[in-house]
Protein chains: 2
Amino acid sequence: MKMTADKENTEEKILEAAKEVFLEKGNDGTRMQEIADKAGINKSLLHYYYRSKEKLFAAVFKYAFSQFAPRIFSAFKDDEDFFALIRNFISVYIDIVSKNPFIPLFIINEINKKNTVFTNVIKMSGINPQVFKDRIQKEINNGKIKSIDPNQLIINTIGMCIFPVIGRPLIQVILFEDNKAEYDKFLESRKTEVADFIINSIKI
Amino acid sequence: MKMTADKENTEEKILEAAKEVFLEKGNDGTRMQEIADKAGINKSLLHYYYRSKEKLFAAVFKYAFSQFAPRIFSAFKDDEDFFALIRNFISVYIDIVSKNPFIPLFIINEINKKNTVFTNVIKMSGINPQVFKDRIQKEINNGKIKSIDPNQLIINTIGMCIFPVIGRPLIQVILFEDNKAEYDKFLESRKTEVADFIINSIKI
DNA sequence: GTCTATAAATTGATAGAC
DNA sequence: GTCTATCAATTTATAGAC
């Protein structure tokens, strides 16, 4: 039906525009007018489809979190060689965050603000780091890697992947004289450099 | 003189209140009224002393950046043993960011937004990572550590120090069942864990 | 479904009394 | 220096025509 097609089309256009603006500017920095302009529609339609700014933001947050956090643990294949698993995970993960540079900072910021509101979203997201922790512990028990607190290893890994992306504007100026191309090369090389760094540290 | 004393006292109270609010909520999320309430003075006085919100924000940003970034390289002593230097730097650095958890995220966010405005602040801050790069290269040349791109090592180090602080609300829920005391212990133990992790990776 | 017009509330900033 | 009163602009949200 045309009506339904239009409806979904407009609703989709709004959500796409809202993603762009909210992800870049956060909840406080976002104006409904800017979303409407980007979607090419009237401002009133935002309320027609999403009632309020808060509900539209919630839709964007839900998308961002579903898009991002589960993928943290998605590249995980349990039967793989552990070092190959690390190499694969880091390569995929750095690739994702490099292509979606606003999402990690957006999530961190909004969770820092409305902690109570989104704690539930996190808990119901199905994120379960236990498979990771168990696998690390298994490798330690089997004498394949040095003893280390699995939580420490996990945070080390994710920190090294995310920090150069969310801190890019600062780091690019201080360490790379604001050379964008050089920084892109730097990020690309980290797909293997970070894995080497970790494996060097934990191998026996 | 009493007048001067009052002036500086009020001006100082305003700046202190502004730091609290701006650092936690960012520029967009901050209301002048909230700063005035926290300082215990009238809203008009904010403009009397700082003319505009933008100028007050600039004062806070300047403070935050001066407080934070230079300390990145302050714990550096050139004559020290390299591994001792790493241990000392990481311990001091994690301690600083743990006690000022809002500053790193504040700086990253605001630089992400007004990139052109604050690029100058960065450049004129006197930050010079070259001493770090040179020292790392020297250790490589002397055969004390494995070959590694100094930039990679620097970002690995800072990333592992900062990420668990700025991502705390998220990580604490996912990995520590929102147990604050456990997370505090986790952060404290990282002062040595991160150094061990790095040294294990680069030692020959 | 989509638009125009406008309400209602917020907020940065200024004028002027004391 | 500090306060009250108020302006002017912005912004979310709604009412109503088409």
Side-chain angles (χ1 to χ4, degrees), chain A residues 1-63 106 109-110 113-114 117-118, chain B residues 1-63 106 109-110 113-114 117-118:
Chain A
M1 270 166 287
K2 188 168 185 306
M3 208 176 72
T4 305
D6 280 356
K7 178 184 186 297
E8 286 175 355
N9 187 30
T10 301
E11 195 169 344
E12 184 61 24
K13 275 196 300 185
I14 291 174
L15 188 59
E16 284 306 310
K19 284 178 193 171
E20 284 186 50
V21 182
F22 274 122
L23 281 175
E24 185 179 344
K25 307 196 169 179
N27 189 28
D28 295 329
T30 291
R31 297 293 102 102
M32 295 291 267
Q33 186 64 59
E34 189 175 352
I35 296 175
D37 291 345
K38 189 152 289 191
I41 51 107
N42 190 283
K43 198 176 53 165
S44 299
L45 279 183
L46 301 181
H47 293 91
Y48 178 80
Y49 283 103
Y50 289 92
R51 259 184 55 93
S52 70
K53 181 184 179 183
E54 192 180 354
K55 284 193 168 46
L56 182 52
F57 173 80
V60 172
F61 183 87
K62 196 176 164 190
Y63 157 80
F106 170 80
N109 276 323
E110 300 305 332
K113 289 173 189 167
K114 335 190 179 184
V117 179
F118 294 112
Chain B
M1 271 165 281
K2 189 168 186 305
M3 208 176 71
T4 306
D6 280 355
K7 179 183 187 299
E8 286 175 357
N9 187 31
T10 301
E11 196 169 346
E12 185 59 26
K13 275 197 299 184
I14 291 174
L15 189 58
E16 284 306 310
K19 283 177 193 170
E20 287 186 48
V21 183
F22 273 122
L23 282 174
E24 185 178 344
K25 306 195 171 181
N27 189 29
D28 294 330
T30 291
R31 297 294 101 104
M32 296 290 269
Q33 186 63 60
E34 188 175 351
I35 296 174
D37 292 345
K38 189 153 287 192
I41 51 105
N42 191 282
K43 197 175 57 160
S44 299
L45 279 183
L46 300 182
H47 292 92
Y48 177 80
Y49 283 102
Y50 289 92
R51 259 183 56 90
S52 68
K53 180 185 180 183
E54 191 180 354
K55 286 194 166 45
L56 183 52
F57 172 80
V60 172
F61 183 87
K62 196 177 164 188
Y63 157 79
F106 171 79
N109 276 324
E110 300 305 332
K113 289 174 189 167
K114 335 191 180 184
V117 178
F118 294 111

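Proteins come first, then strands; the chains are lettered A, B, ... in the order of their sequence lines, and each starts at number 1.
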Query raised in the report: Does Y49(B) make a side-chain N or O approach to OP1 or OP2 of dT2(D) shorter than 4.0 Å?
Result: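 Answer is yes, contact under 4.0 Å.
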Query raised in the report: If only side-chain N and O atoms of R31(B) are considered, is one of them under 4.0 Å from the OP1 or OP2 phosphate oxygen of dT10(C)?
Result: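 Indeed not, no polar side-chain atom of R31(B) lies that close.
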Rounded to whole Å, please give me the gap between [atom1] in [X] and [atom2] in [N].
| X | N | atom1 | atom2 | answer |
| --- | --- | --- | --- | --- |
| I35(B) | dT11(C) | CD1 | C1' | 12 Å |
| Y50(B) | dG12(C) | OH | P | 17 Å |
| Y48(A) | dT4(C) | OH | C1' | 17 Å |
| E34(B) | dG12(C) | CD | P | 11 Å |
| M32(A) | dA9(C) | CE | P | 18 Å |
| L46(A) | dT12(D) | CG | P | 10 Å |
| Q33(A) | dC3(C) | CD | C1' | 13 Å |
| I41(B) | dT2(D) | CD1 | P | 8 Å |

Query raised in the report: Taking C-beta and beyond as the side chain, do F22(B) and E110(B) meet within less than 4.5 Å on heavy atoms?
Result: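 Of all side-chain heavy-atom pairs linking E110(B) with F22(B), none is under 4.5 Å.
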Query - Heavy-atom side-chain contact between K53(A) and L46(A) under 4.5 Å - result: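 With C-beta onward as the side chain, the pair stays apart.
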**Report entry** Y49(A) backbone acceptor or donor facing E11(A) side chain under 3.5 Å
**Finding:**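 Checked: no pair found.
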Report each atom pair, protein N/O against N/O of nucleotides 14-18 of chain C, whose distance is under 3.5 angstrom.
{"from": "dT14(C)", "atom 1": "O4", "to": "S44(B)", "atom 2": "OG", "distance (Å)": "3.1"}

Requested in this report: Go through dC3(D), dC3(C), dT12(D) for me and flag the one nearest to the N42(A) side chain.
Outcome: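 Nearest to the side chain of N42(A) among the choices is dC3(C).
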Report task. May I ask you to decide whether D28(B) forms a salt bridge with K25(A), counting only side-chain N to carboxylate O separations under 4.0 Å? Result ->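 Here D28(B) does not pair with K25(A) in a salt bridge, since their nearest N and O are not under 4.0 Å apart.
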Report task. Please indicate whether E54(B) has more than 12 foreign heavy atoms, meaning atoms of other residues, nucleotides or ligands, lying under 6.0 Å from its CD. Result ->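 Not more than 12 within 6.0 Å, no.
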**Report entry** Neighbour count above 12 (heavy atom, 6.0 Å) for K13(B) NZ
**Finding:**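 Yes, because the 6.0 Å sphere around NZ of K13(B) holds more than 12 heavy atoms from other groups.
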Query raised in the report: Going from CG on L23(B) to CG on N109(B), what distance comes out if it is rounded to the nearest 0.5 angstrom?
Result: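 One finds 11.5 Å between CG of L23(B) and CG of N109(B).
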Report task. Compare every heavy atom of I14(B) with every heavy atom of I35(B), then report the nearest pair and how far apart it is. Result ->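 Nearest heavy atoms, I35(B) then I14(B): CG2-O, 4.1 Å.
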Query raised in the report: How far does the helix from dG1(C)-dC18(D) to dC18(C)-dG1(D) bend, going by the axes of its first and last five pairs, to the nearest 10°?
Result: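 The end-segment axes of the helix from dG1(C)-dC18(D) to dC18(C)-dG1(D) are tilted 10° relative to each other.
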Query raised in the report: Is the F106(B) ring parallel, tilted or perpendicular to the F61(B) ring (thresholds 30°, 60°)?
Result: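 F106(B) vs F61(B) ring planes: tilted.
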